[in-house]
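Notes follow once the structure below has been shown.
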Amino acid sequence: MAILLALGSVSSAQDAGKAGADAKDPPIDWSSDTKLDWKNFKGGKPKKDDLDAETAVTLAVPYKCSAKGDYSYDVKAQFDPNSSTTKGANAQTAALLAHEQIHFDLMQKQAIALKTKLEDIFKKMCKCPMSAADQAALKKAVDEAQAAALEAYDADSQKYDDETDHGTKDGPQQKWAEDTAKALGQPAPAPPATSDQPQTPQSAKPDTKCDDCEKLEAERKKKLAELEKKVAPLRQQSKALFGQIDALETQISAANADIEAAQKDLADPKKKAAAQSRITSDNQKVKSAQAKEAPLKTKKEGIDKQIEELERQIAPLQEPIKCPKCQSNPGNSSMPLTDGFASAAPGGPVTGSGDNKCLPPNRTATYFPGTPGQQYATLIPGYDKPGDNVSYSVPSFATDSEVYCTFGEGRGVPGYITASNDNGDFIPPSVIDGQTPGTPPSGGPAMTPKPSETPTPQATEPKTASTPQPSPTPQETPRTDQPSPSPSPTKTPVASNSDTPVPQTSDTPQQPTDTPTPQVPTDTPPVQVTIFIKASETVLTGGETGEPIQGQVVKLVMRDKPELPTTTGDRSLTDKGFDKPAPQCTTSADGGCKIDVPAEDRPLYALDKTPRAAGKPATKFRLAVNIMKHTGGVAETTGKPVPDLKDALTAANATAEVVAIGTRSFLRLGFNTPYGSTEELAKKFSELLGVPVEIDICLVKEPGPPLGSEPTSYAAINQELPNATIKLNLPAKRGAR
Amino acid sequence: MKWIATLLPLIATGICASAALAQQAMLTPPDNHYFTSQGSWGQKYPDQWALQRIGFDSSPSSAWRLVKRNAQPVVVAVIDTGLDWNHRNIDPENLWHNPKEVASNGVDDDKNGYIDDVIGWDFFDRDGKPWDFDGHGTFVAGLIAGSWKDKDGIAGLNPFARLMILKAVNNFGHSRASYVAQAIAYAADNGARVINLSLGGKEPTKVLQTAVDYAHSKGVVIVVAAGNEGADISKFGITGSDKVLTVATTGFDDQRAIFSNFGKISVAAPGMDILSLRARRTDTMLGIEGVKYSPGAADVGADKRYYRASGTSFSAPMVSGLASLMIANDPSLTNRQVMNIIKSTARDVGTPGVDQYTGYGIIDARAALSAPKDYYLFAGIERVEVVQKGGAQAVRVHGTADANALKSARIDIGKGEAPTEWTTIGPAGKGSGPDDVLGDIPAPKFSGAKVWQIRVVVTHANGSTREAHFRLALG
C-alpha cells in the first residue's frame with residue numbers, strides 16, 4: 001500500500017527551497033508533460049513493512065517583494081525524490097504509480113488555487129515603500145496561505161486514499177483520475193490495462209538543448225541588468241524635474257486664482273486700483289513661472305523619451321526563459337520560477353507576475369481635503385482632459401475611515417469635468433459658447449476625445465456673443481489665453497484691463513436653485529455638463545495599484561447646503577428640483593462612470609462656469625464617495641486617564657476622538673489602514689489604553705427590496721415559533737397512532 | 001376571534017374614555033390628496049394604505065379621532081441620512097427648534113457642544129445643516145410628520161411631531177456604531193421623547209448598547225427596524241433588546257414580509273410599497289448592493305416629489321409615529337408605558353400568539369390610543385428544559401405571563417405542528433422573562449407524538465387574552 005507523506009507545514013519559500021537544496025536530488029516540479037517514474041523514488045524502502053511506497057510532495061512558494069513594491073512569486077507543487085520510497089520491483093506496478101501520480105496532481109490543484117490567493121496578498125501587501133515590518137507581515141500572510149493550502153491538500157488526499165483504498169478500488173480510482181485530470185485541464189486518462197504487472201523502467205531521454213537554453217537565460221539576465229542600470233538615474237532626474245515643474249504650476253495656479261479674485265474687485269471703485277495692481281503683478285508672476293517652466297519641460301520630455309526607449313527594450317526581457325529539465329544535470333534545479341527567485345540577487349532581474357509600483361513621478365496629484373466623507377475632485381495639473389485617468393494617493397484617509405465602512409485600502413476618486421450635450425457627448429468649449437438652451441451641438445466629437453482631438457483654449461480676443469445676453473459671462477472677459485495644440489496644465493494670465501466687463505457672478509458659493517434664487521444665473525452655460533469619474537485603488541501607505549474599482553457609488557453633492565427653513569416666507573421659491581434625477585453613478589468594471597448635470601442645476605454644484613478648456617473646471621465641485629465596509633474601533637475610557645496617543649496614532653496612521661454618552665466616555669479610533677489590519681490595531685490600542693477596543697461596526701439604512709423583487713429564498717426556513725428539541729424517557733410505543 | 005380579543009381593552013375602558021373624550025375637541029382626519037387617493041402608480045390599494053391598516057383612516061372610528069386637537073408637541077429624533085427641509089410637504093413647524101440656540105451665530109448658545117444646532121446636527125459635516133443627499137431620512141421623516149397643510153401631498157402620522165434631524169448616516173446610507181450612539185445620546189440630552197432608528201447592524205457593540213441604555217433611562221422610546229435580510233436577529237446588536245421596540249414588516253395580507261428579519265420582534269407594521277416623500281435629486285434605492293432597481297422607478301407623481309419603497313425602515317416610523325402621538329395625547333406617559341401599550345394592544349397575526357415573525361402583532365392605533373396608561377398584557381415562552389421532579393422527568397417552561405391586572409394564566413399542550421385540540425396542563429405562574437418559571441409539564445404528557453406545541457394563555461382582568469406558542473420536538 002502507498003501512503004502519502006506531505007512535507008508538513010513548510011513555513012516559507014526559502015525553507016522549501018532549502019529542503020530541496022539539501023537533498024541529493026532536487027525536487028521535481030509538477031508538469032503536465034512529465035509523469036512520475038519509479039526511478040524518482042530514491043528514498044529507499046518504506047520504514048514500515050506494510051507499505052509498498054511512500055510519496056512525498058509539497059508546495060514551494062518562492063517570492064520576492066522589493067522595497068519599491070515590485071514583486072515576483074510562484075507556486076510549485078513538488079515531488080521530493082529523496083523522501084519518496086518504494087518497496088522494490090515487485091511493488092512497482094503501473095497502477096500504484098498512477099495512484100501516486102494523482103497525489104502529486106492533487107497538490108498541483110492546490111498550487112493553482114494558492115496562486116490566486118497569493119495574487120491578492122501581493123497586490124495588497126507588497127507596497128511602496130516596503131518596511132521590515134511590512135516584509136514580516138507579508139511573510140506571515142504567505143506562510144498562512146501556504147499552510148492553508150497544505151491543509152486543504154491533506155484533506156483532499158486523505159479523501160482520495162479513503163475512497164480508492166489507496167488505489168486498490170479500480171472504479172473510484174478511475175473516477176479520481178478523471179476528475180483530477182479535468183481539474184488540471186488535462187485529457188482524461190485511460191485506466192491502466194493491468195494493475196498488477198511491475199512497470200518496466202523507462203530510459204531517460206537525453207536533453208541536448210539544456211545547456212544552450214541556460215546560456216540564453218544568463219544573457220537575458222545580464223542584458224536586463226544593464227538596461228535597468230541605465231534607466232534608474234534617468235527616472236530620478238525625471239522625478240526631480242517633475243517636482244520643479246509642479247511647484248511652478250502651483251505658483252501659476254495661485255496667481256491665476258488671485259487674478260480671478262481681483263477681477264471681481266474691479267467693479268468696486270474703491271478696490272479697482274488695487275485690483276489692477278494685483279492683476280499686473282500676478283500676470284508677471286505667471287509669465288516668470290512659465291519662462292522657468294518651459295526649459296524644464298523640454299528637458300523632462302527629452303529624458304522621458306530616453307526612459308521610454310529603454311523601457312521598450314526592457315519589456316521583452318522581463319520574461320524569463322523557461323528551460324526544459326536537464327535530467328543529465330542534477331545541478332539544474334528544473335524549477336524555472338524558483339530559479340528566477342534564486343537569481344534575484346542584487347542588481348539582477350526579478351521575474352514574476354506583477355508589481356505595485358511606487359507612484360510614478362509624473363502621476364502625483366493633489367488631494368483637496370473636504371469635510372469628513374467628502375472629497376473635492378478638482379483640477380489635477382497636467383491630467384485634466386478626458387482619458388487621463390489619474391488615480392492619486394490620499395495622504396490621510398482619517399476622516400473617511402471614521403465615517404465610512406471601508407474595505408481594502410483607501411481609494412482616490414479623481415473627477416474631471418467637461419461639457420457634454422444631452423447625449424453625454426463631449427462638446428468643445430468653443431461650441432458651448434453661443435449655444436441656445438437645450439440645443440445640442442451638432443457634430444460634436446466623441447465623449448472621450450483623444451488628446452489630439454482635445455479642443456484648444458479660447459481665443460485671445462474678447463469674445464462677442466453671437467446672441468444678445470443680458471450680461472457678459474466670465475468667458476467673455478478678455479484674456480490672453482495662448483492657444484496650444486493640446487490642453488496645457490497651466491492657466492494662462494488674464495490681461496489687466498480697466499475696461500474689462502464686470503462679471504455678474506463670482507466664485508463665491510452659489511445659492512442652490514432650491515433656495516430663493518428664482519432665476520438661473522445669467523452666466524450659466526446653456527448645456528448640461530458631465531462629470532467623468534474614474535475610481536482606482538490606492539494604497540494608503542504607499543503608491544497606487546491602479547486597479548479599477550467596480551461598484552463604487554459616487555455622488556455629486558451641493559457645495560453649499562440650503563439655508564434652514566423659516567416659518568415665514570414663500571416656500572414655493574425653494575420648492576424646486578424634484579424633476580431631476582439623483583446626480584450619482586456607480587463605477588463599472590473599468591472604474592469609470594459619469595454624472596450628467598442639467599444646465600439649470602449647474603450653479604447648485606458650483607459648475608456654473610464654462611470650463612475654459614476641456615476638462616478644466618472653473619471651480620471646485622464636491623463629490624461624495626461611498627466606501628464600503630470599514631476599519632475603525634471604539635473603546636470605553638470612562639474614568640480612565642487616556643495616555644498620550646500622539647505617537648501611536650501617527651505610527652498607525654490613525655485618528656482618535658472622544659464620544660460622550662451621558663457621564664460615560666468613549667474613544668473613537670479611525671484606522672487608515674488596510675481592512676485586514678483592523679483587529680491587529682484594535683489589539684495594539686487595547687494594550688495602550690488598557691481597555692478593550694472593539695470594532696466600530698457598520699450600520700446601514702434598511703430599505704428592503706422593491707415590491708415584486710423579493711427573493712423567495714428568504715422564506716426557506718420557517719422560524720415563526722421559538723422551538724427546541726429535547727429527549728424524554730417515554731414509553732416505547734409513543735407515536736404509534 | 002383574534003380581532004375581538006384585541007378590541008377588548010377598548011370595550012373595557014370605553015366608558016371612562018368616552019366620558020373624557022366628550023369634553024375634548026378631537027382631531028379630524030386629514031384630507032390630503034395622497035391620503036384619500038388610490039392607484040397613483042397603478043396599484044389597487046389606497047396610496048397610503050399602511051396608515052389606514054393600522055387605524056389611521058377617515059372613518060368615524062379613526063385613531064386620529066382619539067387624539068386631542070390641542071395635543072402637545074413631541075420631539076421625535078430621526079437618526080438617519082438627514083432631511084430635505086425645503087420639501088413643501090414638510091412644514092417648518094413640524095421641525096424641532098432648539099429653543100436655546102440662536103441660528104447661524106457661530107456660537108454654542110446652549111453649551112451642549114454643538115454650534116448652531118437649531119433643527120438637529122450633521123455628525124459628518126459637523127454642522128447644523130443635516131441635509132439629505134440620500135433620500136432615506138426624508139422618506140422616514142415624511143411618514144412620521146408629513147404636513148397636513150400640504151393638501152396635494154401625503155399625510156404624516158403625527159401632526160404634533162417635532163422632528164429632530166440627526167444625520168448620523170452618511171450620504172449613502174452607511175454609518176458606524178459610534179456615530180449612531182453619539183446621535184442617540186444627543187437626542188436623549190436634548191429633549192427627544194422618541195427616537196427612530198431605521199438602521200441595521202449585525203454585531204452587538206458596547207457603545208451602541210450604552211447609548212440605548214442611556215436614552216432609555218432618560219425616558220426615550222427607541223424604535224428600531226428589524227432589518228431586511230430574512231435573518232434571525234437573536235444575536236444582532238440592539239434589535240431585540242427589551243429597551244427598544246423592534247419592528248418587523250407586514251404586507252398587504254397582514255403576514256410577515258418575506259424579507260423581514262425575525263427573532264426577538266416586538267411588533268410589526270405595514271412596510272410594503274409605502275408612499276412617502278422624496279428628497280429632491282435623490283433615489284435612495286440606487287446603488288444598494290444586491291437590490292435590482294432602475295433609476296427613478298420608485299418616483300411617484302408627475303413632479304416626482306414622492307417615492308415608494310418597502311422595508312422595515314418604513315415600518316419603524318409607523319411605530320415611532322404612533323408612540324409620539326400617544327405621548328402628544330398624554331405627555332405623562334413613560335417610555336415603558338408606551339412600549340407596553342403598543343405591544344399589548346397589537347393585533348395578533350399569523351400563527352396565533354406571540355411569535356418570532358411579527359412579535360405581538362401589527363400595531364393597532366385605535367387600541368393603543370385608548371388603552372389605560374398602565375395597561376399591559378404579556379405572554380411569551382422563552383425556553384424549555386428537562387428537569388427531574390419527584391423522581392420523574394418534566395419539561396419546565398420559562399417565559400412571561402403577566403398583566404397589570406392579571407386574572408389568570410395557564411399552560412396547554414397540543415399535538416403536531418398546528419394543533420386543533422389543546423390539553424390544559426394547569427395554571428401558569430407569573431413570569432416576566434427567560435429566568436422565570438411558568439410551570440412544569442410531566443414528561444408522560446408528551447406521549448403519542450414527536451412534535452408538540454406548548455401554549456401559555458394569559459388573561460387580563462378586563463377579559464382580554466394573549467397567548468404564546470412554542471414548538472417542541474422530541475429527539
Check whether any side-chain heavy atom of [X] sits under 4.5 Å from a side-chain heavy atom of [Y], and report yes or no.
| X | Y | value |
| --- | --- | --- |
| B:L472 | A:N723 | no |
| B:L95 | A:P565 | yes |
| B:Q453 | A:L721 | yes |
| A:V634 | B:R176 | no |
| B:E385 | A:I726 | no |

Tell me, side chain or backbone of [X] under 4.5 Å from chain A's heavy atoms, or both, or neither?
| X | answer |
| --- | --- |
| B:H136 | side chain |
| B:A473 | both |
| B:Y214 | side chain |
| B:D127 | side chain |
| B:D84 | side chain |
| B:V395 | side chain |
| B:A443 | both |
| B:D134 | both |
| B:D283 | both |
| B:L208 | side chain |
| B:T282 | backbone |
| B:V180 | side chain |
| B:Y307 | neither |
| B:S198 | backbone |

(request) Apply the test side chain to side chain contact (heavy atoms under 4.5 Å, CB included) to residues B:L286 and A:Q584: give CA-CA distance (whole Å), side-chain angles for both, the deciding distance (0.1 Å), then the verdict. (result) CA-CA 9 Å; B:L286 262 185; A:Q584 68 183 74; 3.4 Å; yes

Leading residue by heavy atom contact count with chain A [cutoff under 4.5 Å; candidates [options]]:
| options | answer |
| --- | --- |
| B:M285, B:E93, B:M272 | B:M285 |
| B:S104, B:G227, B:G296, B:A225 | B:G227 |
| B:G263, B:A168, B:G173 | B:G173 |
| B:D91, B:L199, B:I381 | B:L199 |
| B:G311, B:G113, B:A215, B:S313 | B:S313 |
| B:V451, B:V140, B:I90, B:L197 | B:I90 |

Can we say [X] and [Y] salt-bridge, meaning some charged N sits less than 4.0 Å from an Asp/Glu carboxylate O?
| X | Y | value |
| --- | --- | --- |
| A:E636 | B:K206 | yes |
| A:E657 | B:R126 | yes |
| A:D579 | B:K304 | no |
| B:K129 | A:E563 | yes |

(request) May I ask you to decide if B:A177's main-chain N or O and A:D696's side chain share a donor-acceptor pair within less than 3.5 Å? (result) yes

(message) Any side-chain to backbone donor/acceptor pair from A:E720 onto B:T351? Under 3.5 Å, distance only.
(response) yes

How far apart are the closest heavy atoms of [X] and [Y], and which atoms are they?
| X | Y | answer |
| --- | --- | --- |
| A:P705 | B:S310 | O-CB, 3.6 Å |
| A:K576 | B:R281 | O-NH1, 4.2 Å |
| B:G128 | A:L564 | O-CD2, 3.8 Å |
| A:N729 | B:Q393 | N-OE1, 2.7 Å |
| A:G577 | B:R280 | O-CB, 3.8 Å |
| A:V659 | B:Q182 | CG1-CG, 3.8 Å |

To the nearest 0.5 angstrom, please state how far the [atom1] atom of [X] sits from the [atom2] atom of [Y].
| X | Y | atom1 | atom2 | value |
| --- | --- | --- | --- | --- |
| B:T205 | A:E694 | OG1 | CD | 5.0 Å |
| A:F578 | B:N86 | CZ | CG | 8.0 Å |
| B:D150 | A:D575 | CG | CG | 8.0 Å |
| A:T574 | B:W85 | OG1 | CH2 | 11.5 Å |
| B:I441 | A:L728 | CD1 | CG | 10.0 Å |
| A:I661 | B:Y186 | CD1 | OH | 15.5 Å |

(message) Tell me if the NZ atom of B:K445 is crowded by more than 12 foreign heavy atoms within 6.0 Å.
(response) no

(message) If you apply the rule side chain to side chain contact (heavy atoms under 4.5 Å, CB included), what do you find for B:T284 with A:K701, and how did you get there?
(response) CA-CA 10 Å; B:T284 192; A:K701 63 183 178 182; 2.8 Å; yes

(message) Do A:K555 and B:F133 form a cation-pi contact, if we require the NZ or CZ to be under 6.0 Å from the six-membered ring centre and within 45 degrees of the ring's axis?
(response) no

(message) Between A:P703 and chain B, with a heavy-atom cut-off of 4.5 Å, which part of the residue counts as in contact: side chain, backbone, both or neither?
(response) both

(request) Side chain from CB out, backbone as N, CA, C, O: work out which of these in A:A635 comes under 4.5 Å of a heavy atom of chain B, or both, or neither. (result) neither

